[in-house]
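So that the names make sense, note that chain A is the first sequence line, chain B the second, and so on, each numbered from 1.
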Amino acid sequence: MSVVTVQLGQCGNQVGHELFDVVCGDAHDGQRRSYCSVSRERFFHQTERGDLVARAVLIDMEPKVIKHSMNKAANSGRWTYGDDAHFSQKQGSGNNWANGFCVHGPRHEAALEELVRRQVERCDRLSGLMAMMSVAGGTGSGVGTYVTQCLRDTFPKSFIVNQLTWPYGTGEVIVQNYNSVLTLAHLYGLSDAILVHENDTVHGICARLLNLKHISFGDVNRVIAHQLGAVLQPALTTDSHGLYSRNPLGELASALVCHPEYKLLSMSTVPQMPSASIAYSTFSWPGPLRHLRQMLVSNSKMEEGIDWQVRLPAASERSRSLTGGGRGGGRGGGGAAAAAIFNRSLANLLILRGKDVYSAETGGFEDPALFTSWLSPRDAFSLWKSPVPFNKYEKSATLVSNSQALLRPLDDMVRKAWNMFASRAYIHQYVKFGISEEDFLDSFTSLEQVISSYSQLS
Amino acid sequence: MTQSVVVQGVYDDALSSFFRNVDSRKSDGGACGFGGRIQHLKARAVLVDMEEGVVNEILQGPLSEVFDSTQLLTDVSGSGNNWAVGHMSYGSVYREQIVDKLRKAAEHCDCLQCFFLIHSMGGGTGSGLGTRVLSLLEEEFPEVCRIVTSVYPSPEDDVITSPYNSVLAMKELSEHADCVIPVENQSLVDIVNKIKHMSDGGKPGLTIRKDSSIISGQGGLRGAEKPFDAMNNIVANLLLNITSSARFEGSLNMDLNEIAMNLVPFPRLHYLVPSLTPLYTLADVSVPTRRLDQMFSDAFSKDHQLLRANPKHSLYLACALMVRGNVQVSDLRRNIERLRPSLPFVSWNQEGWKTGLCSVPPVGHSHSLLALANNTCVKSTFLDLKERFTKLYRKKAHLHHYLHVEGMEQSCFSEAITSLSSLIEEYHHLDATKGKLIPDAPRLSIAR
């Protein structure tokens with residue numbers, strides 16, 4: 001079953017391109033036939049001549065990025081974007097969410113819907129839609145939110161997942177926090193699951209794990225694509241009964257999003273190493289899995305500098321926390337929890353790929369102490385496997401978490417946006433295009449609610 | 001240069017931002033679309049002067065082909081360094097023609113993104129008629145961004161009435177421009193002198209690479225020959241850098257309307273201090289990374305600013321960095337981290353950086369950086385202007401030349417100085433928050 005990807009704005013189009021490159025390459029290297037054919041069917045449409053055409057719609061309000069992506073794909077010789085699958089205008093959204101959401105989105109609604117419909121109709125069966133965008137700019141965030149709304153209206157029964165790239169904390173766009181707040185608040189009511197990548201985290205992976213001295217956005221995008229590919233490539237799930245799952249987005253959403261108030265998902269992949277070293281590395285499962293578990297517990301974003309001091313509460317403390325307060329939870333209302341001792345999860349999805357997956361010991365991830373008390377660990381933890389090595393790594397493990405991991409970054413974002421809003425700086429730029437102070441307040445309120453919910457997980 | 005462009009050149013997006021491609025042999029007006037060969041490039045421009053000398057010179061020089069008579073508006077007698085003559089008299093007489101020429105130029109565009117208005121503040125035409133054109137642009141094309149590059153007079157300016165003209169123009173700029181990039185003649189002179197000093201063997205062992213300096217006109221049709229050419233080249237480079245990301249591709253594009261969006265937190269506070277680096281490239285520099293980091297440091301040094309104010313002692317409201325060339329996001333991040341602690345930002349915009357990465361460097365360089373800062377230091381420039389204005393106004397010197405002009409009244413002066421005073425006050429108000437520890441605004445509390 002196929003996934004249609006909607007690439008929005010510069011970031012969405014650049015990351016999307018890398019994703020198709022990764023999955024195409026992964027299903028290429030003499031891999032097992034069924035894996036390849038499921039992967040190809042999922043991401044590509046095959047022409048009569050056997051050419052692979054990405055199941056993607058490229059949307060941007062200015063033409064340069066799309067042009068660049070399409071040329072690059074065409075020159076790769078392995079896959080292309082459809083000639084009729086893109087939409088661009090001459091002038092961007094000016095980093096203005098209101099311009100994207102209130103002006104460009106509605107203005108081009110018909111054309112954009114048509115493009116998506118065309119891709120959807122080419123699928124034998126649609127598994128779901130994935131919208132890829134950044135939250136900092138104007139098109140990805142504003143037009144992206146509007147398009148997600150349209151997708152929800154047009155395909156009410158389909159799974160819609162948003163892959164969001166959060167900007168560097170020290171700024172790429174001055175109004176990035178406004179754009180982010182508006183985007184997240186609106187998407188919360190529209191999306192089935194929100195997969196988040198933070199530029200700061202990915203940059204750290206490039207610097208410290210991949211040993212890159214000069215890091216370009218291309219490098220950052222490739223890491224994101226690697227992680228996404230590790231999640232979306234074919235896998236055997238509990239529901240798929242020995243065959244590769246046909247419903248990756250649906251199973252992802254149902255495994256992790258058990259409650260509409262909790263939709264933010266983060267991901268980590270181990271190992272991540274310089275490409276030159278991959279061929280020479282070989283290891284067994286216990287090490288990486290132990291690291292991944294501790295990364296989850298201590299909220300470490302990468303497999304280096306993991307804080308091994310952070311522990312799960314003992315059983316006796318746990319029962320105290322069930323009654324509210326205590327360690328691991330925190331007080332909500334008016335800001336993030338005061339230093340939660342460990343990162344509490346609602347649900348986790350572990351995906352193992354490569355050699356000896358059937359012998360990997362994953363019991364540590366089912367420890368009830370990791371989770372809130374609402375779900376039994378059996379329901380809170382899901383395991384997918386694939387015996388096929390992914391993207392040249394002999395073994396790789398990916399953890400997708402619905403946990404407090406994003407609480408701090410979210411709270412920072414809201415705090416900065418709120419401080420700016422308190423002085424009303426830049427508000428006239430949004431009002432000009434149809435977003436009022438009331439709209440801002442509504443969005444702030446929604447996100448404070450999300451922050452409060454995640455803070456109080458116990 | 002013109003020759004090789006005609007033989008090999010393709011008319012692409014980058015060129016089309018500033019030029020039309022016209023085949024005069026065609027009967028329908030001759031407009032050619034993208035991708036074709038260059039036939040005749042015509043600048044997307046309207047040239048206005050109430051004297052003929054400068055425009056005539058352009059028409060006789062190597063750029064004569066690029067402008068045609070329909071784009072020009074000239075008169076013979078000039079404005080006598082009198083803002084009122086430019087704004088009121090010529091403004092009325094030529095209103096129709098101006099609007100007409102602007103419309104024609106706009107109609108040739110597939111997508112009109114922005115108007116660049118380039119003028120000086122101290123004279124009569126640029127200042128007076130120029131600001132009249134600015135309000136016409138707002139009237140006729142309210143949706144299109146207006147970015148104004150204004151050359152401010154130095155204190156030693158030899159036009160006695162330049163303070164009047166500048167203050168009268170300031171009111172117009174505050175009200176009708178989206179962004180103003182002020183440039184001071186004195187800063188340009190200082191930069192030119194600095195470069196000349198370097199070229200003349202200022203420091204032994206360090207030579208400037210030939211034709212790499214910002215004043216050389218490198219990449220243009222001829223080098224800098226006349227006295228103001230060197231200074232004007234600097235401003236030309238400024239405009240090239242601002243538009244580079246809109247013309248060429250890069251990993252993080254920065255459009256012109258993004259500049260206004262990110263750098264203007266409140267409508268009237270839209271004066272942006274520009275700095276350009278490098279001013280020149282040394283011939284024997286060997287260490288790329290250090291050179292790159294030096295470029296970032298230079299952007300925040302007074303020597304590279306086109307305005308003489310001192311930003312480090314004032315407050316940054318916002319700052320944009322437009323990088324061109326082979327520079328990656330890690331270089332950008334490293335330098336922002338390095339410089340941030342020494343730059344005071346307003347409390348609600350502590351990490352207020354807007355960044356752009358364009359892959360194509362300027363001609364003759366491997367990389368370059370343009371910094372545009374919305375910084376309260378512009379206040380000092382305005383205070384200077386106000387002082388010079390007051391000196392004259394107190395004695396009513398030369399006032400009658402203005403009041404004689406139809407449409408001009410004393411109230412124009414008092415309104416203009418009031419506008420300037422309140423603008424200064426707004427900056428002052430923000431300055432007062434500098435150094436104070438402003439606590440986070442109390443957050444919304446959610447009922448549970």
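Here the CD atom belonging to A:Gln429 is positioned 11.0 Å from the CZ atom belonging to B:Phe266, to the nearest 0.5 angstrom. One distance of note links CE of A:Met420 with OG of B:Ser347; it measures 10.0 Å at 0.5 Å rounding. In this structure, A:His68 NE2 and B:Ser359 OG are separated by 7.5 Å, a value rounded to the nearest 0.5 Å. The SG atom of B:Cys319 lies 7.5 Å from the CD1 atom of A:Ile174; values are rounded to the nearest 0.5 Å. To the nearest 0.5 Å, atom CD of residue A:Gln14 and atom CG of residue B:Leu252 are 8.0 Å apart. To the nearest 0.5 Å, the span separating CG on B:Leu444 from CD on A:Gln449 amounts to 11.5 Å.
For the set B:Ile438, B:Ile336, B:Asn253, the count of heavy-atom pairs under 4.5 angstrom toward chain A peaks at B:Asn253. With chain A as partner, the option from B:Asn257, B:Asn262, B:Leu263, B:Thr355 having the largest number of non-hydrogen pairs under 4.5 angstrom is B:Asn262. The greatest number of non-hydrogen atom pairs below 4.5 Å with chain A, out of B:Ala246, B:Pro267, B:Ala260, B:Ala441, is found for B:Pro267.
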Show the numbers, then the answer: is there a side chain to side chain contact (heavy atoms under 4.5 Å, CB included) between A:Val173 and B:Trp353?
-> CA-CA 6 Å; A:Val173 169; B:Trp353 297 92; over 6 Å; no
Trace of the side chain to side chain contact (heavy atoms under 4.5 Å, CB included) decision for B:Cys111 with A:Gln89 = CA-CA 9 Å; B:Cys111 177; A:Gln89 292 289 280; over 6 Å; no
Start with the C-alpha gap between B:Val264 and A:Tyr426, add the side-chain angles, then the distance that decides, and say whether side chain to side chain contact (heavy atoms under 4.5 Å, CB included) holds.
-> CA-CA 7 Å; B:Val264 182; A:Tyr426 299 101; 5.6 Å; no
Which is it for B:Lys354 and A:Glu172 under the salt bridge (charged side-chain N to carboxylate O under 4.0 Å, His left out) test, yes or no, and what are the steps along the way?
-> CA-CA 5 Å; B:Lys354 166 67 182 157; A:Glu172 295 166 28; over 6 Å; no
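A salt bridge is defined here as a Lys NZ or Arg NE, NH1 or NH2 lying under 4.0 Å from an Asp or Glu carboxylate O, and A:Glu448 with B:Arg443 meets this definition.
Heavy atoms of A:Lys67 lying under 4.5 Å from chain B belong exclusively to its side chain. With a threshold of 4.5 angstrom between heavy atoms, B:Ala320 does not approach chain A through any atom at all. Neither the backbone nor the side chain of B:Thr433 has a heavy atom closer than 4.5 Å to any heavy atom of chain A. For a residue to count as touching a neighbouring chain, one of its non-hydrogen atoms must lie under 4.5 Å from one of that chain's; by this rule B:Asp255 touches chain A with the side chain only. Residue A:Gln10 touches chain B through its side chain alone, counting heavy-atom pairs closer than 4.5 Å. Neither the backbone nor the side chain of A:Phe421 comes within less than 4.5 Å of any heavy atom of chain B. Heavy atoms closer than 4.5 Å to chain A are found nowhere in B:Leu332, neither backbone nor side chain. Heavy atoms closer than 4.5 Å to chain B are found in the side chain of A:Glu62, but not in its backbone.
Although no hydrogens or angles enter the test, the distance criterion places no donor-acceptor pair under 3.5 Å between the side chain of B:Gln350 and the main chain of A:Thr170. The closest donor-acceptor contact from the side chain of A:Lys64 to the backbone of B:Ser245 lies under 3.5 Å.
A donor atom on one side chain and an acceptor atom on the other are not found under 3.5 Å apart for B:Gln328 and A:His214.
Closest of all the heavy-atom pairs between A:Val175 and B:Met261 is CG2-CE, 3.9 Å. Closest approach of B:Pro442 and A:Trp418 over heavy atoms only: O-NE1, 2.8 Å.
For A:Asp83, the CG atom is loosely surrounded, since the number of other residues' heavy atoms within 6.0 Å does not exceed 12.
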